[in-house]
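Only heavy atoms go into these numbers, but all of them, side chains included; no hydrogens, no water, no symmetry mates. Proteins come first, then strands; the chains are lettered A, B, ... in the order of their sequence lines, and each starts at number 1.
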Protein chains: 2
Amino acid sequence: MITLTEENYIKAIYHLSKQGAENVNTNALAEAMNTKASSATDMIRKLSEKDYANYKKYKGVTLTETGKRIAINIIRKHRLWEVFLVEKLNFTWDEVHELAEQLEHIKSQKLIDELDIFLGHPTHDPHGDPIPNKDGEITYVEKTLLSQAQVNLRYSCVGVNDSSSEFLQYLNNNNISLGSIIEVMHIEPFDKSINIKANGKLLTVSQSVAKNLYLKKL
Amino acid sequence: MITLTEENYIKAIYHLSKQGAENVNTNALAEAMNTKASSATDMIRKLSEKDYANYKKYKGVTLTETGKRIAINIIRKHRLWEVFLVEKLNFTWDEVHELAEQLEHIKSQKLIDELDIFLGHPTHDPHGDPIPNKDGEITYVEKTLLSQAQVNLRYSCVGVNDSSSEFLQYLNNNNISLGSIIEVMHIEPFDKSINIKANGKLLTVSQSVAKNLYLKKL
DNA sequence: ATAATTATTTAGATTAGTCTAAAAATATAT
DNA sequence: ATATATTTTTAGACTAATCTAAATAATTAT
């Protein structure tokens, strides 16, 4: 039986190895898990004993195929629950993340299969992230960070990189949501802040905002 | 912060004190929790330190008002989730109990409020048990065990005492569900088995079945 | 009312996950 | 290439929830 803590470490390893080097550092993992490096070392050892992770002392950790399968399944559950909360229970996109962190650990294959059917097999969660299918396949759509976007082109908003409620509320306050039309007007060379037209309204956003908003060319 | 284990002990104390003496014995609690008496003693002490329970050594345990509030809230969540699973996700009444045991521990007031709205404020779960309202009020309807029913009267099935999947599947196999019409034909003096007409079909049920089926006089 | 039985508590150990502090390995800078 | 800094691991301790075995209290039977 896999514990809740093990699941959370596996998920963290998965996410970290997606957004950086394949091998995840002990310190990075500890940071992501809000624990100390020594705790992470212990858990890494345990995961490798259970054959969820590959571990060579001092060389970081990667997930085994089993570990990856577990991670993707948790992510599938997390994202399906987010869709449920937003579409059926009137939650907003900035409210669902923490709650989905609880719901993703509920163990029942039938539950998740039926939830998927009930929601009509959604392909993306409320933040634009793809929902892995039953076989663990993930369809990535091409997307560009606003920070990489070109001046004078028109885009639509397809996702966020940071799904913290702080960032999402910032977007709410500026009327930006999935599907919003974003036009890049000007990039300020000094601080890389960007003037955009979001749903027709002029707005200046900082680099750190621009690095967290995903767009698709129209 | 209350732990999952504490919640489960509180729930067990609540159920035991409903169906027996107000003061719950250490052994009875240990049995219900599938642990040893010594573990129950430790937990009882912990619950009383946290002011969820009243405890006098050797005298059994009762819940404080706080403890009762917690228990009722868990039961409310459990039963709402059961309704959700049956009404929205095509689960059958014999499949939902264990899964609801997981879901009942999800912590979010908004989730449960919205689920209640989404389900249309149901008053009973799929086994006929009443769902406490937001204020913790429980409306009990009058009901009789089949074992207490009178010969030649007509009843409808309004609930079960044992909601194990084994018992519920027995009922499924005999076409009995909530709302079924039950007519008591004859009680066998020797072993107290009962001849009934269930939805028009003759059937003999044992005492142990009869003690787990709740009826309402028609 | 005393003995026998049963119920409950205490004492001490175990496991999972965490911590701090110290040791060891690796990486970086001069 | 050697010293310094950083990262990682090890050692030992702590808490929550559990266990077994022993001790104590309460109940029941004679």
Side-chain angles (χ1 to χ4, degrees), chain A residues 1-14 16-17 19-63 67 70-71 74 101-102 104-105 107, chain B residues 1-14 16-17 19-63 67 70-71 74 101-102 104-105 107:
Chain A
M1 187 78 291
I2 188 164
T3 70
L4 187 145
T5 313
E6 286 167 1
E7 286 194 348
N8 282 331
Y9 270 92
I10 289 172
K11 187 173 53 133
I13 295 168
Y14 182 88
L16 287 168
S17 67
Q19 50 161 73
E22 157 112 58
N23 280 59
V24 173
N25 298 329
T26 303
N27 269 352
L29 182 55
E31 158 116 53
M33 290 300 298
N34 266 302
T35 58
K36 296 305 161 81
S38 53
S39 307
T41 300
D42 286 348
M43 182 53 78
I44 291 169
R45 180 163 293 127
K46 192 175 162 203
L47 294 178
S48 99
E49 273 162 20
K50 289 198 172 187
D51 205 43
Y52 301 144
N54 306 114
Y55 174 52
K56 278 252 177 65
K57 270 196 205 176
Y58 297 102
K59 297 297 176 193
V61 61
T62 60
L63 291 178
I70 293 167
I74 298 169
E101 298 257 289
Q102 291 183 64
E104 73 190 8
H105 298 290
K107 283 170 184 55
Chain B
M1 188 77 292
I2 188 164
T3 70
L4 188 143
T5 312
E6 286 167 1
E7 286 194 347
N8 281 330
Y9 270 93
I10 288 172
K11 188 173 52 132
I13 295 168
Y14 182 88
L16 287 168
S17 66
Q19 50 161 75
E22 157 112 58
N23 280 59
V24 173
N25 297 330
T26 304
N27 268 353
L29 183 55
E31 160 115 50
M33 290 299 300
N34 266 302
T35 59
K36 297 303 161 83
S38 53
S39 307
T41 300
D42 285 348
M43 181 54 78
I44 291 170
R45 181 164 292 127
K46 193 174 161 202
L47 293 179
S48 98
E49 272 162 19
K50 289 197 173 188
D51 204 44
Y52 300 143
N54 307 115
Y55 174 52
K56 279 250 175 64
K57 269 196 207 178
Y58 298 100
K59 298 296 176 194
V61 62
T62 60
L63 291 179
I70 292 169
I74 297 170
E101 299 257 288
Q102 292 183 62
E104 72 191 7
H105 299 290
K107 283 170 184 57

Would you mind reading off the distance between A:N23 atom CG and D:dT7 atom C1', rounded to a whole angstrom?
15 Å

Residues A:Y52, A:I2; criterion side-chain contact (heavy atoms from CB on, under 4.5 Å); working and verdict
CA-CA 10 Å; A:Y52 301 144; A:I2 188 164; 3.8 Å; yes

Let me know the distance between CD of B:E6 and C1' of D:dT18, rounded to the nearest Å.
14 Å

Between A:R45 and D:dT10, is there a contact of a side-chain N or O with OP1 or OP2 at under 4.0 Å?
yes

Does C:dT8 have OP1 or OP2 under 4.0 Å away from a side-chain N or O of B:N25?
yes

Whole angstroms only, please: what is the CG-P distance between A:L29 and C:dT18?
10 Å

Heavy-atom side-chain proximity of B:V61 to B:I13 below 4.5 angstrom:
yes

Nucleotide C:dA7, atom P - distance to NZ of B:K56 in whole Å:
22 Å

So does A:S39 get a side-chain nitrogen or oxygen closer than 4.0 Å to the phosphate oxygens (OP1/OP2) of C:dC19?
yes

Less than 4.0 angstrom between a side-chain N/O of A:N27 and OP1 or OP2 of D:dT6, yes or no?
no

For a quick test of your reading: what N or O donor-acceptor pairs under 3.5 Å do the side chains of residues 33-45 of chain A make, sequence neighbours left out?
{"from": "A:T35", "atom 1": "OG1", "to": "A:Y9", "atom 2": "OH", "distance (Å)": "3.4"}
{"from": "A:T41", "atom 1": "OG1", "to": "A:A37", "atom 2": "O", "distance (Å)": "3.1"}

Kindly say if A:Y55 contacts the phosphate of D:dT8, meaning a side-chain N or O under 4.0 Å from OP1 or OP2.
no

Could you grab the distance from atom NE2 of A:H105 to atom NZ of A:K11, nearest 0.5 Å is fine?
5.0 Å

Considering only heavy side-chain atoms of B:K57, the closest of D:dT8, C:dC19, C:dT9 is C:dT9

Which nucleotide in C:dT18, D:dT7, C:dT8 has an atom nearest any side-chain atom of A:T35:
C:dT18

Would you mind reading off the distance between B:E49 atom CD and D:dA16 atom P, rounded to a whole angstrom?
10 Å

Separation of D:dT8 atom P from A:M43 atom CE, nearest Å, is 17 Å

Using whole Å, what does the distance between atom C1' of nucleotide D:dT15 and atom CG of B:D42 come to?
13 Å

Euclidean distance, atom CG of residue A:L4 to atom P of D:dA16 [Å, nearest integer]:
18 Å

Is there a donor and acceptor pair, one atom on the side chain of B:S38 and one on the base of D:dT20, closer than 3.5 Å?
yes

Return a table of donor-acceptor pairs under 3.5 angstrom between the side chains of residues 21-31 of chain A and protein atoms on other chains or two or more places apart.
{"from": "A:N23", "atom 1": "ND2", "to": "A:K59", "atom 2": "O", "distance (Å)": "2.9"}

Residue B:Y9, side-chain heavy atoms: nucleotide from C:dT9, C:dA24, D:dT18 that is nearest:
D:dT18

Nearest-nucleotide comparison on DNA chain C, the residue closer to the 5′ end among A:Y58 and A:N34
A:N34

Are any of A:T41's side-chain N or O atoms less than 4.0 Å away from OP1 or OP2 of D:dT9?
yes

Side chain of B:K36, heavy atoms from C-beta onward: which of C:dT8, D:dA16, D:dT20 has the nearest atom to it?
D:dT20

